[in-house]
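I have placed the structure first, in the form of structure tokens, so that the comments after it can refer back to it.
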Amino acid sequence: MASLGFMDQKGVIDVAKSDRYNFRTNLGAKITSKLSMNLGLSYNYQRINEPVNPYTGDMAQIFRQANRIPSFIPYKYSNGYYGYYGNGNPIAWLDMKSTDAMIYKHANINVSAEYQIVEGLKFKQVVSFQPRDNMSSKFVKEIQFYDNTTGLPSQKQGVNNLTVYNNQEELLTLQSLLTYDKTFGKHQVNVLGGFMDETRRADFSSAYRQNFLGTELQELVLGDPSGQVANGGAKKLILRSYFGRINYVFADKYLFEANVRRDGSSRFVSSNQWNTFPSFSAGWRIAQENFFQNSGLANSISELKLRGGWGILGNQTLTGVGENAYPTNDEWYPGIYTINSGFNYAFGNALSSGGAVSVAANPALLWERSVSSNIGLDLNFKNNWSFVVDYFNRTTDRLYTTLPIPIQFGLPSPTQNAGKVRNRGLEIQANYANRAGEFKFDIGANASYIKNEILEWKSDAAEPHSTFYVRDRGLPLRSFYGYETLGIYRSDEEYINSKVKGVTGDVGAGDLIYKDQNGDGKIDGNDRVYLGSPDPKFIFGLTTNFSYKNFDLNMFWQGAADVKGYLWGEALGSITGSDKPTEIYADRFHIVNNPNGSMPRALTSWSQNSASTNPSDFWVQNASYARLKNITLGYNIPQSVLNKIGIKGAKVYYSGQNLLTITGFANGFDPEAPADSRGNYYPQVKTNIFGLNVNF
């Protein structure tokens with residue numbers, strides 16, 4: 001049982017509870033000298049009770065409203081009525097105990113048999129079956145708010161309702177492998193050829209009823225059948241592959257491997273279903289050469305290997321989909337027009353039920369391809385130092401995305417192969433281990449530099465201009481887009497003398513100064529520029545392990561640099577009628593009381609300084625950080641003490657997560673928060689755990 005929580009004026013609120021059960025076993029048997037079989041079985045059961053609210057029926061709105069509701073609105077008034085504001089009261093929603101009870105049952109069964117035809121030549125057959133049974137039972141309880149002064153009913157949210165989702169998936173994988181492994185002299189050869197067929201089927205249904213007489217018994221049969229909704233269907237996907245690989249090693253110094261795949265997917269249409277993906281790699285173990293062994297370098301270097309590779313990888317999925325996700329048409333059949341029911345039409349004087357195309361397909365859709373190349377160096381010293389350096393260059397073309405289309409099209413924009421993106425960079429790892437008497441330690445550090453760049457984009461112009469993201473050639477795939485600021489107007493005269501017309505008509509002292517990029521004397525969309533990316537260029541990590549006698553100390557640091565975060569929405573707050581201001585507004589400009597304030601003036605009626613309406617580098621800030629993700633300090637109780645009480649082992653420990661963050665990002669805001677989040681995400685929490693592990 002695990003519990004997650006966040007702090008508010010009441011204390012810790014339990015917002016999600018989970019039970020998990022795992023089972024795994026593996027059995028193997030040798031039938032004859034040439035035939036062996038293996039059976040693997042794993043089972044995972046997980047039950048999650050997640051609170052939802054009657055306003056939207058999800059959990060995200062609870063976090064969003066917790067950020068929005070003003071501090072002067074009480075949790076409850078003295079008469080017992082819930083205080084509320086705008087969309088409601090997050091504590092009231094939790095008290096109602098509306099929940100989404102999700103049960104996930106996943107199994108994985110693997111059966112394999114291997115037969116040796118002749119020495120070095122083997123045939124292996126693998127059958128894998130993965131049944132998944134996912135169920136969600138979401139019961140939403142209505143809530144009536146009352147006016148605190150009159151006692152009369154005011155705002156009501158929701159109606160007692162239950163929605164049940166059932167999704168049963170089966171993944172059957174058949175894999176036939178023929179391998180040949182032979183060593184002769186200084187030559188080592190390994191050849192593999194194979195075939196794979198992967199069939200996925202999903203059967204899903206959902207049902208809805210409302211107006212339950214009570215809230216204790218939450219079964220569909222107890223709801224009002226009038227207005228009930230039922231839905232369901234089935235989907236099937238097939239991925240078929242032919243593949244081969246040859247691996248060759250000479251004198252344990254020269255390494256070569258070549259691969260080729262021929263993949264076909266039922267997501268696409270006609271000849272677009274199939275594509276071929278080759279790759280190869282090579283390595284040279286320089287440290288094994290005679291000239292190296294006979295040099296002085298061999299006294300200090302134990303391994304020196306140069307390696308490189310090139311290959312093409314294919315992708316058939318539009319976006320990453322979780323294994324518990326409910327099936328959708330656009331993910332399963334992006335290249336095929338499908339007809340959905342639920343669209344009525346007039347036939348004479350009667351209204352008849354019918355079907356229609358509701359999701360636009362693209363029969364010309366192709367496999368997404370990534371062409372990758374890399375070169376690397378492995379270097380191990382005999383003094384316990386080791387290094388790994390890799391340079392990589394990956395270009396993805398036929399990139400899956402949607403583009404703006406005319407409204408006359410009548411359907412959502414279909415997925416297209418609409419772009420080409422390149423990722424290139426450098427990865428470095430360094431490790432050192434040593435000991436001095438009873439003191440032992442090892443340190444591992446890694447850092448990577450990644451440059452993401454759009455090379456081609458089918459849209460004629462940079463788009464979209466209406467949001468805080470822009471897509472244009474030469475920029476990262478996710479690029480913030482907005483105004484460059486030059487400070488804050490400290491007087492009305494300063495604005496008037498600038499002779500630049502602001503975004504709104506009422507600009508003056510206390511407002512942000514936007515740079516007129518094109519010099520036309522006015523601030524509009526043409527003055528927006530690239531403001532950075534939420535995807536970091538530099539990522540680094542540090543792991544340290546220390547031990548002395550019975551004590552051990554482990555730490556893990558991670559961080560990112562050259563990355564931007566965006567302060568906006570409910571997480572930032574405002575002084576308008578819909579959101580509460582956060583503490584960041586405490587130092588706001590006021591022409592009399594705080595003329596040197598670091599924040600623009602807070603106004604309720606226009607958007608000149610709005611982070612949401614007019615994104616700018618004032619709100620898109622440097623989100624580089626270093627964070628102590630985990631620290632664990634343990635003490636192993638001496639075995640001489642444990643032997644007296646019959647215990648094999650015992651350890652007392654302390655563990656902490658997210659205890660320290662070093663960042664220049666706005667105080668009180670998480671630099672790891674999703675860049676496009678408005679405050680409706682589950683916040684990271686600091687955790688302190690004291691524990692005892694005992695082995696009997």
Side-chain angles (χ1 to χ4, degrees), residues 4-7 384-392 423-434 440-452 476-480 530-547 551-568 571-572 582-584 598 611 617-634 653-677 679 681-690:
L4 302 175
F6 69 93
M7 297 294 295
N384 299 323
W385 279 99
S386 64
F387 297 90
V388 178
V389 181
D390 279 283
Y391 170 80
F392 62 90
N423 287 279
R424 56 182 172 175
L426 188 69
E427 295 179 338
I428 300 176
Q429 298 181 41
N431 295 277
Y432 179 71
N434 211 334
K440 296 184 293 184
F441 67 94
D442 63 82
I443 301 173
N446 63 83
S448 62
Y449 165 77
I450 304 173
K451 182 179 180 181
N452 177 264
L477 187 59
R478 294 203 305 168
S479 295
F480 286 127
Y530 168 64
L531 299 178
S533 174
D535 300 313
K537 284 189 177 180
F538 298 92
I539 302 173
F540 53 88
L542 177 66
T543 302
T544 60
N545 300 300
F546 304 96
S547 65
F551 291 92
D552 55 71
L553 174 66
N554 307 311
M555 290 188 292
F556 170 58
W557 291 79
Q558 77 170 34
D562 200 351
V563 57
K564 297 292 185 178
Y566 187 19
L567 305 176
W568 75 297
L572 176 66
T582 56
E583 291 183 0
I584 199 170
S598 61
D617 60 4
F618 189 87
W619 308 110
V620 177
Q621 299 185 2
N622 182 8
S624 301
Y625 73 94
R627 171 169 283 170
L628 179 58
K629 295 295 291 185
N630 179 269
I631 181 171
T632 302
L633 175 63
Y653 69 92
Y654 161 78
S655 179
Q657 285 80 39
N658 301 317
L659 298 185
L660 176 64
T661 301
I662 303 171
T663 182
F665 201 46
N667 187 33
F669 294 84
D670 185 0
E672 288 190 272
D676 50 2
S677 170
Y681 69 97
Y682 192 90
Q684 296 194 71
V685 295
K686 291 183 179 180
T687 305
N688 294 282
I689 301 173
F690 295 87

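Everything numeric here is computed off the predicted structure, so don't read it as measured data.
Here the closest non-hydrogen pair linking Tyr391 and Gly425 is CD1-O, 3.2 Å. Closest of all the heavy-atom pairs between Leu567 and Ala666 is CD1-CB, 3.5 Å. Residue Pro476 comes nearest to Tyr530 through the heavy atom pair CG-OH, 3.5 Å, listed as atom of the first residue, atom of the second, then distance. Across all their heavy atoms, Ser655 and Thr632 have their closest contact at OG-OG1, 3.5 Å. Closest non-hydrogen pair, Lys564 versus Gly532, comes out as CG-CA, 3.8 Å.
Looking at Thr663, its side chain does come within 3.5 Å of a backbone N or O of Ser624 through a donor-acceptor pair. Under a 3.5 Å cut-off, the side chain of Ser533 and the backbone N or O of Arg478 do form a donor-acceptor pair. Not one N or O on the side chain of Asp617 forms a donor-acceptor pair closer than 3.5 Å with the backbone of Leu531.
Not a single side chain to side chain donor-acceptor pair (under 3.5 Å) links Ser479 to another residue, sequence neighbours left out. Qualifying side-chain contact (heavy atoms from CB on, under 4.5 Å) partners for Phe551, counting only residues two or more places apart in sequence or in other chains: Tyr635. The ring pair (Phe, Tyr, Trp, His ring centres under 6.0 Å) check on Tyr625 picks up nothing, with sequence neighbours excluded. Residues meeting the salt bridge (charged side-chain N to carboxylate O under 4.0 Å, His left out) test with Glu672, sequence neighbours left out: Arg627, Lys629. Under the rule for a side chain to side chain donor-acceptor pair (under 3.5 Å), the partners of Tyr432 that lie at least two apart in sequence or sit in another chain are Asn434. In this structure, the salt bridge (charged side-chain N to carboxylate O under 4.0 Å, His left out) partners of Asp552, at least two apart in sequence or on a different chain, are Lys651. In this structure Tyr654 satisfies the ring pair (Phe, Tyr, Trp, His ring centres under 6.0 Å) test together with Phe690, sequence neighbours excluded. Every residue two or more places apart in sequence or in another chain that forms a side-chain contact (heavy atoms from CB on, under 4.5 Å) with Ala433 is listed here: Asp442. Taking the ring pair (Phe, Tyr, Trp, His ring centres under 6.0 Å) definition, one finds that Trp568 meets it with Phe468, Tyr566, sequence neighbours left out. Shown here are the side-chain contact (heavy atoms from CB on, under 4.5 Å) partners of Asn431, two or more places apart in sequence or in another chain: Ser386. Not counting sequence neighbours, the partners of Ile443 by the side-chain contact (heavy atoms from CB on, under 4.5 Å) test are Phe441, Leu542, Thr544.
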Requested in this report: Might you work through the side chain to side chain contact (heavy atoms under 4.5 Å, CB included) test for Ile689 and Gln657, ending with a clear yes or no?
Outcome: CA-CA 9 Å; Ile689 301 173; Gln657 285 80 39; 4.1 Å; yes

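For Asn667, the CG atom sits in a loose shell: 12 or fewer heavy atoms of surrounding residues, nucleotides or ligands are nearer than 6.0 Å.
Screening residues 654-664 for salt bridge (charged side-chain N to carboxylate O under 4.0 Å, His left out) gives no qualifying pairs among residues at least two apart or on separate chains.
Contact check for Thr661 versus Pro671: side-chain heavy atoms found under the 4.5 Å cut-off. Using a 4.5 Å cut-off on side-chain heavy atoms (C-beta onward), Ile631 and Leu660 make no contact. Side-chain contact between Asn545 and Lys440: absent, with no pair of heavy atoms (C-beta onward) separated by less than 4.5 Å. Residues Leu659 and Asn688 form a side-chain contact, since some pair of their non-hydrogen atoms from C-beta on lies under 4.5 Å apart.
Atoms CZ and OH, on Phe540 and Tyr449 in that order, are 16.0 Å from each other to the nearest 0.5 Å. Within the model, atoms CG of Leu633 and CG of Leu553 stand 6.0 Å from one another, a figure rounded to the nearest 0.5 Å. In this structure, CD1 on Ile584 lies 5.5 Å from CG on Leu572, to the nearest 0.5 angstrom. How far OG1 of Thr543 is from CH2 of Trp557: 12.0 Å, rounded to the nearest 0.5 Å. The CG atom of Asp390 sits 10.0 Å away from atom CD1 of Ile428, with the distance rounded to the nearest 0.5 Å. Note that the CG atom of Leu477 and the CG atom of Asp535 stand 8.0 Å from one another [nearest 0.5 Å].
The aromatic rings of Phe669 and Phe665 sit perpendicular, their planes meeting at an angle over 60°, well past the 30° parallel limit.
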